[in-house]
Amino acid sequence: MSTETRFTERSAKPLNGRIAVITGASSGIGEASAEHLAALGATVAVLARRADRLDELVARIDKDGGTALAIAADVTDAAAVQAAADRIDAELGGADLLFNNAGVMLPAPIEERRTDQWQQQIDLNITGLMNVIGAFVPQLVKAAGERGVADLINTASIAAQNIFPNFAVYSGTKAYVTHLSRHLRVELGPKNIRVAAIEPGIVGTELQDHVTDDGALNWLEGSKETMDWLTPQDIARTIGFIATLPPRVNLQQVTIMPTGQTS
Ligand code: NDP
């Protein structure tokens, strides 16, 4: 392939020149989205705690002709997230696309008082999400000011809208994500930052592996009989779609469900 052909192919990629940060990138939705955004031409910085999984992901993206940087970080640790943001600023010139996606789902009846699991969900789904927003919004504002567009995409859930018995704490954290996103859109939209919340129904990932509640596990297992769960790639394609729309278009809230899922 000639250099000219290669250049034309590279420049044909819609996210060429964009710098994307993806949290929760060591598995599931984040991992698939990192691969997809890289395939669309973005340079991707991938964050999660498991360094080995991130290294494997970066190697795969490199092999497929993309560019990726792995940063092992616990997003509940504000200083670690800020250090990651500083490194991305120094090495990649700052982010213009943030997929704020790390999260955990631990359903249980409220009367069981699993305060450890309540805290874990609040720490990651709310405090972790805010640590990431706090560390990266300055980079998004700068990029949007210079280039006319930046993206902040937060992962909420259908649980932000619908009622699922025993999912109260998880659903509460996800309602927070959706409502926060609406507010941030009003604040950041005038600065050319598009803010979106994505609300998936059931996606087959490691999310279900952390569930300890028998009732929820039975419900999840049973649901496989009545529907085809979404795949992480289904969400990744949607994230790619949001990010490749013209800068004037902010797809604010996306609910994406398995066709067979009724609530
Ligand atoms: P996974 O469990 O596969 O992914 C969760 C990711 O979050 C992992 O990469 C994990 O990596 C990372 N993570 C967990 N804790 C931390 C932490 N303290 N610091 C940094 N990273 C952390 O699940 P999904 O891909 O399904 O989940 C992604 C998002 O999608 C979540 O916000 C979830 O609530 C949401 N969602 C998922 C649905 C589903 O049915 N799967 C439906 C609706 C929403 P590591 O352990 O290496 O840190």
Side-chain angles (χ1 to χ4, degrees), residues 22-33 47-54 72-81 99-135 154-183 197-227 229-232 235 255-258 261-263:
I22 298 120
T23 71
S26 62
S27 62
I29 293 170
E31 181 181 23
S33 298
L47 271 67
R49 293 167 304 177
R50 286 172 292 177
D52 53 338
R53 294 280 292 256
L54 294 179
D74 183 334
V75 298
T76 66
D77 176 349
V81 177
F99 183 31
N100 201 3
N101 167 71
V104 66
M105 178 184 82
L106 303 169
I110 209 74
E111 286 175 279
E112 286 184 8
R113 299 171 60 189
R114 291 298 307 265
T115 52
D116 54 335
Q117 297 193 340
W118 300 352
Q119 197 63 52
Q120 208 182 327
Q121 293 173 95
I122 293 165
D123 285 350
L124 180 57
N125 301 359
I126 296 182
T127 308
L129 181 104
M130 292 314 300
N131 287 341
V132 175
I133 288 174
N154 295 315
T155 305
S157 165
I158 190 61
Q161 308 293 343
N162 296 353
I163 306 299
F164 300 98
N166 304 336
F167 282 72
V169 178
Y170 177 72
S171 302
T173 66
K174 292 303 183 177
Y176 175 94
V177 176
T178 288
H179 204 50
L180 173 90
S181 304
R182 285 195 201 107
H183 278 78
I198 183 151
E199 300 182 329
I202 305 181
V203 189
T205 67
E206 292 180 14
L207 195 80
Q208 296 86 21
D209 299 347
H210 304 292
V211 174
T212 55
D213 180 66
D214 285 339
L217 283 169
N218 287 339
W219 176 73
L220 284 164
E221 203 48 42
S223 75
K224 286 184 184 161
E225 309 292 319
T226 57
M227 69 178 91
W229 286 4
L230 297 173
T231 67
I235 311 302
T255 305
I256 173 169
M257 299 284 276
Q261 186 175 354
T262 52
S263 63

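Values reported hereafter were calculated over all heavy atoms of this structure, with side chains retained and with hydrogens, waters and symmetry mates removed.
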A.B. asks: Does one side chain, of Gln121 or Asn125, offer a donor that lies under 3.5 Å from an acceptor on the other?
C.D. replies: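 The criterion, which ignores hydrogens and geometry beyond distance, is not satisfied for Asn125 and Gln121.
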A.B. asks: I'd like to check the side chain to side chain donor-acceptor pair (under 3.5 Å) partners of Gln117; sequence neighbours left out, ordered by chain and number.
C.D. replies: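 Residues passing side chain to side chain donor-acceptor pair (under 3.5 Å) with Gln117: Thr212.
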A.B. asks: So, the side chain of Thr178 versus the backbone of Ala175: is there a donor-acceptor pair under 3.5 Å, distance only?
C.D. replies: no
A.B. asks: To the nearest 0.5 Å, tell me how far Asp209 CG sits from Leu217 CG.
C.D. replies: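 Output value for this atom pair is 9.5 Å.
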A.B. asks: Less than 4.5 Å apart, any side-chain heavy atom of Thr173 and any of Ile126?
C.D. replies: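 When only atoms from C-beta onward are counted, Ile126 and Thr173 do touch, with a gap below 4.5 Å.
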A.B. asks: Extract all donor-acceptor atom pairs below 3.5 Å that involve side chains of residues 200-208 and protein atoms in other chains or at least two apart in sequence.
C.D. replies:
from: Thr205; atom 1: OG1; to: Leu207; atom 2: N; distance (Å): 2.9
from: Glu206; atom 1: OE1; to: Arg50; atom 2: NH1; distance (Å): 3.2
from: Glu206; atom 1: OE1; to: Arg50; atom 2: NH2; distance (Å): 3.1
from: Glu206; atom 1: OE2; to: Arg53; atom 2: NH1; distance (Å): 3.3
from: Glu206; atom 1: OE2; to: Arg53; atom 2: NH2; distance (Å): 2.8
from: Gln208; atom 1: OE1; to: Thr205; atom 2: N; distance (Å): 3.1
from: Gln208; atom 1: NE2; to: Val203; atom 2: O; distance (Å): 2.7

A.B. asks: Could you check whether Thr255 and Glu199, counting side-chain N and O atoms only, form a donor-acceptor pair closer than 3.5 Å?
C.D. replies: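 Result is yes, a qualifying pair exists.
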A.B. asks: Compare every heavy atom of Val211 with every heavy atom of Ala216, then report the nearest pair and how far apart it is.
C.D. replies: CB-CG1, 3.9 Å
A.B. asks: Check each of Asp74, Val75, Val81 against Asn131 using the side chain to side chain contact (heavy atoms under 4.5 Å, CB included) test, and report the only one that passes.
C.D. replies: Val81
A.B. asks: Over all heavy atoms of both residues, which pair between Gly28 and Pro232 is shortest? Give the atoms and the distance, please.
C.D. replies: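 Looking at all heavy atoms of both residues, the shortest contact is O-CB, 3.5 Å.
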A.B. asks: Would you say His210 has more than 12 foreign heavy atoms packed within less than 6.0 Å of its NE2?
C.D. replies: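 More than 12 heavy atoms, drawn from other residues, nucleotides or ligands, come within 6.0 Å of this atom.
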A.B. asks: Check step by step if side chain to side chain contact (heavy atoms under 4.5 Å, CB included) holds for Phe164 and Ile158.
C.D. replies: CA-CA 10 Å; Phe164 300 98; Ile158 190 61; 4.0 Å; yes
A.B. asks: When rounded to the nearest 0.5 angstrom, what is the spacing between CZ in Phe99 and CD1 in Ile235?
C.D. replies: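 The CZ atom of Phe99 sits 8.0 Å away from the CD1 atom of Ile235.
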A.B. asks: CD/Gln161 to CD1/Ile163 distance, rounded to the nearest 0.5 angstrom?
C.D. replies: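 Answer rounded to 0.5 Å: 9.5 Å.
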A.B. asks: The test is side chain to side chain contact (heavy atoms under 4.5 Å, CB included); show your working for Asn166 and Glu112 and say whether it passes.
C.D. replies: CA-CA 10 Å; Asn166 304 336; Glu112 286 184 8; over 6 Å; no
A.B. asks: Rounded to the nearest 0.5 Å, what's the gap from CH2 on Trp118 to CG on Asp123? Could you check?
C.D. replies: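 The distance works out to 14.0 Å.
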A.B. asks: Hey, does Trp219 have a side-chain heavy atom less than 4.5 Å from the side chain of Pro165?
C.D. replies: no
A.B. asks: Any chance you could measure Ser181, atom OG, to Ile198, atom CD1, to the nearest 0.5 Å?
C.D. replies: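 Reported to 0.5 Å precision, the distance equals 11.5 Å.
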A.B. asks: Where the side chain of Thr127 meets the backbone of Leu124, is there a donor-acceptor pair that is under 3.5 Å apart?
C.D. replies: no
A.B. asks: For residues 100-109, which side-chain N or O atoms pair as donor and acceptor with protein atoms under 3.5 Å away, sequence neighbours left out?
C.D. replies:
from: Asn100; atom 1: ND2; to: Leu129; atom 2: O; distance (Å): 3.1
from: Asn100; atom 1: ND2; to: Asn154; atom 2: OD1; distance (Å): 3.3
from: Asn101; atom 1: OD1; to: Thr155; atom 2: OG1; distance (Å): 2.8
from: Asn101; atom 1: ND2; to: Thr23; atom 2: O; distance (Å): 3.1

A.B. asks: When rounded to the nearest 0.5 angstrom, what is the spacing between CG in Asp213 and CZ in Arg114?
C.D. replies: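 It comes to 9.0 Å.
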A.B. asks: Quick one: closest heavy-atom pair of Glu31 and Ser26, and the distance?
C.D. replies: OE1-O, 4.0 Å
A.B. asks: Could you check whether any side-chain heavy atom of Met130 comes within less than 4.5 Å of a side-chain heavy atom of Tyr176, counting everything from C-beta outward?
C.D. replies: yes
